[in-house]
Amino acid sequence: MKKRLIAFDMDGTLTQHKSKLEEPNRIALETLSKHYKLLMIGAGSCERIYHQLNDFPIEIIGNYGLQHAGIVNGEFKILESLSVSVDRDFVEKTVTMLRKEFGFEKFYGDNVEFHASGVITFPILGTAAPLEEKLVYDPDRLKRRKVYARVCEAFAGYNVFIGGSSSFDITQGKYNKFYALERYCTENGYTLDEAVYFGDDFGEGGNDSHVKLNGVDCVEIDNYRTFPEKAAKFFQ
Ligand SMILES: [Mg+2]
């Protein structure tokens, strides 16, 4: 099947976690953009993704499908911003309980991050942890995989993802990256067979896992610096 659309995760795939897009990856994206429709599908907000990409002009779905932004007349524009309501009290209490159980009781800043969209982040090191500490905390995700089943159990009825460098992302309802991609394809005249998805976390609980589990062609990135080499396969 001829590919027409390439979708990307950001952190760990195109960039280091929460770090700016580097020049070799920007060039690879620009080259791909000449042959394909490009789409970001991220866990964070569209605005954060856009700025992290140094304002690279690209359509963005953020917050696992709750936000959508594009470039209109050369300007970044939020096109849709949904919000689901959250039982904050339950979430705070559940995270506090899990911290006690796992011994994650020391953290910087806040216990939980509540995003405007209704996405919840359980940051093991807290909302104000220094980036350097977050990067070395769990690079192989083993610490989080070990407790993943228990976090899912405590948040029964929610979707739990191993997100970012040291956190869990929690959403409600249908929101995940596959839902976001499928909806985009349906609304914009692409079939899922025409799409390719680049991600770095297809493992159990990984925030890219639904895309692969639903049969979309995926390219796995182990290190964001290898992105240009993996992307080159698609240059025509
Ligand atoms: Mg990632």
Side-chain angles (χ1 to χ4, degrees), residues 2-85 113-119 121 163-164 169 171-200 207-208 210-211 216-217 219 221 224 227-228 231 234-236:
K2 170 106 178 70
K3 300 299 181 190
R4 296 170 57 217
L5 169 79
I6 305 187
F8 308 90
D9 163 60
M10 184 169 65
D11 282 348
T13 300
L14 295 182
T15 64
Q16 174 59 286
H17 287 271
K18 306 242 164 131
S19 307
K20 295 275 192 179
L21 181 69
E22 294 174 13
E23 190 59 9
N25 289 7
R26 189 196 65 77
I27 293 169
L29 276 182
E30 201 173 76
T31 309
L32 288 173
S33 75
K34 296 185 177 129
H35 306 287
Y36 304 91
K37 170 73 192 178
L38 304 187
L39 176 69
M40 295 300 303
I41 304 183
S45 73
C46 293
E47 204 159 5
R48 171 166 92 79
I49 293 169
Y50 181 64
H51 293 312
Q52 199 171 323
L53 294 176
N54 292 317
D55 301 4
F56 185 87
I58 190 168
E59 205 162 339
I60 304 170
I61 297 176
N63 288 146
Y64 295 99
L66 285 147
Q67 261 196 355
H68 182 193
I71 308 298
V72 180
N73 301 324
E75 300 275 319
F76 172 81
K77 193 170 178 214
I78 298 280
L79 303 170
E80 182 180 63
S81 193
L82 304 173
S83 177
V84 294
S85 69
E113 186 174 357
F114 293 100
H115 302 270
S117 60
V119 172
T121 299
D169 285 334
T171 67
Q172 298 175 86
K174 61 197 172 190
Y175 297 100
N176 64 52
K177 290 189 181 183
F178 174 72
Y179 163 77
L181 177 62
E182 187 182 39
R183 181 181 164 201
Y184 185 87
C185 286
T186 305
E187 290 180 359
N188 293 279
Y190 297 93
T191 66
L192 283 169
D193 287 350
E194 292 173 315
V196 180
Y197 180 82
F198 281 68
D200 74 318
N207 72 6
D208 303 314
H210 286 85
V211 181
V216 176
D217 280 339
V219 177
I221 303 287
Y224 73 96
F227 173 69
F234 295 86
F235 295 169
Q236 296 172 341

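As a basis for the values below, the full set of heavy atoms in this structure was taken, side chains included, without hydrogen atoms, waters or symmetry mates.
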Novice: Show the atom names and distances, to 0.1 Å, of all donor-acceptor pairs under 3.5 Å that link a side chain in residues 54-63 to residues at least two apart or in another chain.
Specialist:
{"residue": "N54", "atom": "ND2", "partner": "L21", "partner atom": "O", "Å": "3.2"}
{"residue": "D55", "atom": "OD1", "partner": "H51", "partner atom": "ND1", "Å": "3.0"}
{"residue": "E59", "atom": "OE1", "partner": "K37", "partner atom": "NZ", "Å": "2.6"}
{"residue": "E59", "atom": "OE1", "partner": "Y184", "partner atom": "OH", "Å": "3.0"}
{"residue": "E59", "atom": "OE2", "partner": "H68", "partner atom": "NE2", "Å": "2.8"}
{"residue": "E59", "atom": "OE2", "partner": "Y184", "partner atom": "OH", "Å": "3.4"}
{"residue": "N63", "atom": "OD1", "partner": "S117", "partner atom": "OG", "Å": "3.2"}
{"residue": "N63", "atom": "ND2", "partner": "A43", "partner atom": "O", "Å": "3.0"}

Novice: Look up atom CG in D193 and atom NZ in K2, then write down how far apart they are to the nearest 0.5 Å.
Specialist: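 If I round to the nearest 0.5 Å, the distance is 14.0 Å.
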
Novice: Is a salt bridge present between D208 and K177, judged by a nitrogen-to-oxygen distance below 4.0 Å?
Specialist: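 Salt bridge: yes.
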
Novice: Which pair of non-hydrogen atoms, one from I49 and one from G42, has the smallest distance, and what is that distance?
Specialist: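 That closest heavy-atom pairing would be CD1-CA, 3.7 Å.
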
Novice: At what distance, to the nearest 0.5 angstrom, does CD of E47 lie from CD of Q52?
Specialist: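 Taking CD in E47 and CD in Q52, the distance rounds to 13.0 Å.
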
Novice: Does atom CD (E75) have a neighbourhood of more than 12 heavy atoms from anything else shown, all under 6.0 Å?
Specialist: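 Atom CD in E75 is not packed in, count stays at 12 or less.
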
Novice: Nearest 0.5 angstrom please: Y175 OH to R183 CZ, how far?
Specialist: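 Spacing of OH (Y175) from CZ (R183) equals 7.0 Å.
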
Novice: Could you walk me through whether S45 and Q67 pass the side-chain contact (heavy atoms from CB on, under 4.5 Å) test, one step at a time?
Specialist: CA-CA 7 Å; S45 73; Q67 261 196 355; 3.7 Å; yes

Novice: Would you call Y197 and D217 a side-chain contact if the rule is heavy atoms closer than 4.5 Å?
Specialist: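 No, their side chains stay 4.5 Å or more apart.
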
Novice: Would K3 and H35 count as a side-chain contact (heavy atoms from CB on, under 4.5 Å) here? Give the steps.
Specialist: CA-CA 9 Å; K3 300 299 181 190; H35 306 287; over 6 Å; no

Novice: Once you round to the nearest 0.5 Å, how far does CG of N188 lie from CZ of R4?
Specialist: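 So the gap between those two atoms works out to 10.0 Å.
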
Novice: State the CD1-CZ distance between I41 and F178, to the nearest 0.5 angstrom.
Specialist: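 Reported value, rounded in 0.5 Å steps: 10.0 Å.
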
Novice: Check C46 against I78 and note the closest heavy-atom contact, atom names and distance.
Specialist: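 Nearest heavy atoms, C46 then I78: CB-CD1, 4.1 Å.
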
Novice: To check you understand the geometry: which heavy-atom pair defines the closest contact between F234 and Y36, and what is its length?
Specialist: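 Reported closest heavy-atom pair: O-OH, 2.8 Å.
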
Novice: In terms of the angle between their ring planes, are F8 and F198 parallel, tilted or perpendicular, with boundaries placed at 30° and 60°?
Specialist: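 Tilted.
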
Novice: Indicate the atoms forming the closest heavy-atom contact of H17 with D11, along with that distance.
Specialist: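 Reported closest heavy-atom pair: ND1-CB, 3.5 Å.
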
Novice: Please answer whether the main-chain N or O of S85 pairs with a side-chain N or O of Q172 as donor and acceptor at a distance below 3.5 Å.
Specialist: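 Side chain of Q172 to backbone of S85, a donor-acceptor pair under 3.5 Å: yes, one is there.
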
Novice: Which heavy atom of Y179 sits nearest a heavy atom of K174, and at what distance?
Specialist: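 For Y179 and K174, the tightest heavy-atom pair comes out as CB-O, 3.2 Å.
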
Novice: If you take all heavy atoms of L5 and C185, which pair is closest and at what distance?
Specialist: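 In this case the closest contact between L5 and C185 is CD2-SG, 3.7 Å.
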
Novice: Quick check: are there more than 12 heavy atoms from other residues, nucleotides or ligands sitting under 6.0 Å from NZ of K20?
Specialist: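 Atom NZ in K20 is crowded, with more than 12 foreign heavy atoms closer than 6.0 Å.
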
Novice: Evaluate the side-chain contact (heavy atoms from CB on, under 4.5 Å) criterion for residues I6 and V219: first the C-alpha distance (whole Å), next the side-chain angles of each, then the deciding distance (0.1 Å), finally the verdict.
Specialist: CA-CA 10 Å; I6 305 187; V219 177; over 6 Å; no

Novice: Cut-off 3.5 Å, no hydrogens considered: what does the side-chain donor-acceptor table look like for residues 22-30, sequence neighbours left out?
Specialist:
{"residue": "E22", "atom": "OE2", "partner": "Y224", "partner atom": "OH", "Å": "2.9"}
{"residue": "E23", "atom": "OE1", "partner": "R26", "partner atom": "NE", "Å": "3.1"}
{"residue": "E23", "atom": "OE2", "partner": "R26", "partner atom": "NE", "Å": "3.4"}
{"residue": "E23", "atom": "OE2", "partner": "R26", "partner atom": "NH2", "Å": "2.8"}
{"residue": "N25", "atom": "ND2", "partner": "L14", "partner atom": "O", "Å": "2.8"}
{"residue": "N25", "atom": "ND2", "partner": "Y224", "partner atom": "O", "Å": "3.1"}
{"residue": "R26", "atom": "NH1", "partner": "E30", "partner atom": "OE2", "Å": "2.9"}

